[in-house]
Amino acid sequence: MANQEVFFVMRSDEAVKEGGDSIQVATYCRRLEKLGYVCHIVPFAVTMSFPRSAIVHLVNIDRIFDFLYAAHRARQCILVASPIHHDSALVRQMRESVPSRGLRRIVDRRFPETVREYLAFMVRSILRPPMPTRSRLGAMLGSARLLWRPWRSAGSVLARCDRVFVLADGERRALMRDTGWSGTNAALTPNAVELPAQVELMDWEDREPVILIVGRVEPRKRILEVAQQAHRAGIPIRVVGGVGSDPVYADEFRRLASSSNFVHWDGPRPHAEVLNIFGSHRVVLNLSWAEVQSLVDLEASLCGCAVVATPAGHSAEWLPESVEVLDSFDVTEGLLTAKARTTGPRPRANYAATWESTVAVIDMAYQDAVARKGRSEA
């Protein structure tokens, strides 16, 4: 659509902390702009505003108060959403299980997730930026109303969106459970992977049988716990990824990796190199507490790896022949299953989704919404 503006509302830290959501939205923008849209990536801020004629595309419902605040600011606009939602029951299980320290431990263990997120929302968006005192007070008072049944309010926002783009049907079901949303205005828009021509995919017989783990070294990914159990059991693993925001957790992992004969850590690697690493291994293990549509699972599968994953994500929905889902979050079970899979047959990854097909769904939803708004205002 020629010159139709689209504002993607992202995390406030999107510019400094790249994740799967930023890759997803950047890909949308590149392809939508070829169709004539004018795309803007907007980090969340309580002072943001949008032209009445714009499409506002909300991203990341799990930052629930950002999501509700942004929806209020965009109430005069066409509204759509990509929730990228982690099942609330699994997030609670993670909070109860992940070791935390100091004030964070008190907040994680003693307060509901909504209170934790509201405190984070206040710090990220209101208390920390250099805002005038009057603006800060206004934002604090204006956001207080969001505390009343926020997830039910989020369900109401989803209901009034012209379209809700979900990465998997499992995500839609989790949203329905957590928010009371009916799910009737959902559209499936799975992520895709474009493997460069230079990626080297080795024959199965020539691949490394060492268990591969790719991701940031942080509590949500459980990489330290996997490394500790691999060391105790004498099971070789290879970890590729940088460290997250918990320095104590990262330091403990560094010490183990430097002293263990069974834990090899590459540190962070360029994306092209990671794809080649996938192409040289047989099995990838993903024991993360919370996922929606894991980019690691998807890329690993398309590079010919078998994937062993926890029940946290929905990878098996799209890749049933290459992703094996564990019955539990047990680390020992995950390692033993992955080890056994190194001697199994080469998996097949039949994956039909492309960025073209996903963006075509988004484009059609945008066009329908603009036409509907035009008729209502005529």
Side-chain angles (χ1 to χ4, degrees), residues 93-94 97-99 201-244 246 248-269 273-291 294 296-301 303-313 315-316 319 321-347 349:
Q93 184 175 348
M94 176 180 71
S97 304
V98 168
L201 305 181
M202 297 175 65
D203 292 337
W204 182 256
E205 295 75 16
D206 299 328
R207 293 186 176 219
E208 287 282 348
V210 173
I211 297 169
L212 179 64
I213 301 169
V214 175
R216 284 191 298 269
V217 178
E218 61 184 14
R220 181 170 75 91
K221 298 292 186 181
R222 306 176 76 206
I223 290 177
L224 171 61
E225 292 83 345
V226 176
Q228 289 170 332
Q229 183 56 32
H231 175 73
R232 286 192 290 266
I235 298 175
I237 65 171
R238 180 182 182 182
V239 178
V240 179
V243 298
D246 188 327
V248 177
Y249 188 92
D251 287 344
E252 193 169 348
F253 174 79
R254 281 193 189 95
R255 286 194 295 272
L256 176 62
S258 65
S259 62
S260 175
N261 293 324
F262 300 100
V263 179
H264 176 79
W265 182 37
D266 287 48
R269 288 291 183 267
E273 185 177 343
V274 172
L275 293 176
N276 282 324
I277 292 172
F278 283 141
S280 66
H281 282 71
R282 293 183 181 180
V283 176
V284 170
L285 177 62
N286 181 355
L287 291 185
S288 175
W289 281 115
E291 296 284 359
S294 167
V296 166
D297 293 359
L298 181 54
E299 290 182 336
S301 295
C303 287
C305 299
V307 175
V308 175
T310 63
S315 295
L319 294 155
E321 296 185 33
S322 58
V323 177
E324 181 173 351
V325 179
L326 300 167
D327 294 328
S328 72
F329 289 83
D330 184 74
V331 172
T332 300
E333 179 192 357
L335 280 166
L336 292 178
T337 303
K339 181 181 179 182
R341 193 65 186 82
T342 62
T343 59
R346 179 173 186 152

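Residue numbers run from 1 in the order of the sequence given.
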Peer 1: Among residues at least two apart in sequence or on other chains, which ones pass salt bridge (Lys or Arg N to Asp or Glu O under 4.0 Å) with R269?
Peer 2: E273

Peer 1: To the nearest 0.5 angstrom, please state how far the CG atom of L212 sits from the SG atom of C305.
Peer 2: 6.5 Å

Peer 1: Cation over ring, R254 on W265, under 6.0 Å and within 45°?
Peer 2: no

Peer 1: Using 0.5 Å steps for rounding, measure from the CG atom of L285 to the CD atom of E324.
Peer 2: 11.0 Å

Peer 1: So do F253 and V243 actually touch side chain to side chain, heavy atoms under 4.5 Å?
Peer 2: no

Peer 1: L287 versus L326: any side-chain heavy-atom pair under 4.5 Å?
Peer 2: yes

Peer 1: Under the rule for side chain to side chain donor-acceptor pair (under 3.5 Å), what residues qualify as partners of R207, not counting sequence neighbours?
Peer 2: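 R207: no side chain to side chain donor-acceptor pair (under 3.5 Å) contacts found.
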
Peer 1: Are the side chain of S258 and the backbone N or O of R255 linked by a donor-acceptor pair below 3.5 Å?
Peer 2: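 Confirmed, S258 side chain pairs with R255 backbone.
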
Peer 1: Report yes or no: does R282 contribute a side-chain atom to a donor-acceptor pair with the main-chain N or O of W204 at less than 3.5 Å?
Peer 2: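 Checking the backbone N and O of W204 against the side chain of R282, a donor-acceptor pair under 3.5 Å is found.
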
Peer 1: Using the side chain to side chain donor-acceptor pair (under 3.5 Å) criterion, which residues pair with E321? Sequence neighbours excluded.
Peer 2: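 Partners of E321 by the side chain to side chain donor-acceptor pair (under 3.5 Å) criterion, ordered by chain and then number, come out as R348, N350.
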
Peer 1: Between atom OG of S280 and atom CE of M202, what is the distance when rounded to the nearest 0.5 Å?
Peer 2: 6.5 Å

Peer 1: Could you give the distance from CD (E225) to CG (D330), rounded to the nearest 0.5 Å?
Peer 2: 12.0 Å

Peer 1: Closest approach of L275 and C303, non-hydrogen atoms and distance?
Peer 2: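 What the structure gives for the nearest pair is O-SG, 3.8 Å.
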
Peer 1: I want to check something: taking the side chain as every heavy atom from C-beta on, are R341 and P347 in contact at a cut-off of under 4.5 Å?
Peer 2: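 Yes - at least one pair of side-chain heavy atoms lies under 4.5 Å apart.
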
Peer 1: S315 versus V307: any side-chain heavy-atom pair under 4.5 Å?
Peer 2: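 The answer is no, as the side chains (C-beta and beyond) never meet within the 4.5 Å cut-off.
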
Peer 1: Looking only at heavy atoms, which two atoms of V308 and A338 are closest? And how far apart?
Peer 2: CG2-CA, 3.9 Å

Peer 1: Determine whether a donor-acceptor pair (N or O, by modelled atom type, separation under 3.5 Å) exists between the side chain of Y249 and the backbone of I223.
Peer 2: yes

Peer 1: Are any side-chain N or O atoms of T342 and backbone N or O atoms of K339, one a donor and one an acceptor, separated by less than 3.5 Å?
Peer 2: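 Indeed, once roles are kept as given, a pair shorter than 3.5 Å links the two residues.
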
Peer 1: Could you tell me the separation between the CD atom of E291 and the CZ atom of R220, rounded to the nearest 0.5 Å?
Peer 2: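 Here the rounded value is 5.0 Å.
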
Peer 1: Which atoms form the tightest heavy-atom contact between A250 and V217, and what is the distance?
Peer 2: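 In this case the closest contact between A250 and V217 is CA-CG1, 4.4 Å.
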
Peer 1: Please test I235 against L336 for side-chain contact (heavy atoms from CB on, under 4.5 Å), starting from the C-alpha separation and ending with a verdict.
Peer 2: CA-CA 9 Å; I235 298 175; L336 292 178; 4.1 Å; yes

Peer 1: Cut-off 3.5 Å, side chains only: do S328 and E333 have a donor facing an acceptor?
Peer 2: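 Looking only at side-chain atoms, E333 and S328 do form a donor-acceptor pair, the distance falling under 3.5 Å.
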
Peer 1: Work out which heavy atom in V325 is nearest to a heavy atom in A316; give both atom names and the distance.
Peer 2: CG2-CB, 3.5 Å

Peer 1: Answer whether the closest heavy-atom distance between the side chains of E218 and D246 falls below 4.5 Å.
Peer 2: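 No; the side chains remain at least 4.5 Å from each other.
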
Peer 1: Does the D203 side chain pair with the main chain of E205, one donor and one acceptor, at a distance under 3.5 Å?
Peer 2: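 Answer holds: no.
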
Peer 1: So, for D297 and A309, which heavy atoms are closest and what is the spacing to 0.1 Å?
Peer 2: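 Minimum heavy-atom contact is OD2-CB, 4.1 Å.
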
Peer 1: Does a side-chain heavy-atom distance below 4.5 Å link V214 with V274?
Peer 2: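 Yes, close enough: below the 4.5 Å cut-off.
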
Peer 1: Do any N or O atoms from the side chain of R238 and from the backbone of E208 form a donor-acceptor pair under 3.5 angstrom?
Peer 2: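 Pair absent, no side-chain N/O of R238 close to backbone of E208.
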
Peer 1: Do the non-hydrogen side-chain atoms of F278 and V296 ever get within less than 4.5 Å of each other?
Peer 2: yes

Peer 1: Kindly give the heavy-atom pair with the smallest separation between L335 and A230, and that separation in Å.
Peer 2: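 That closest heavy-atom pairing would be CD1-N, 3.6 Å.
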
Peer 1: Donor-acceptor check, side chain of T310 to backbone of S288, threshold 3.5 angstrom: yes or no?
Peer 2: yes

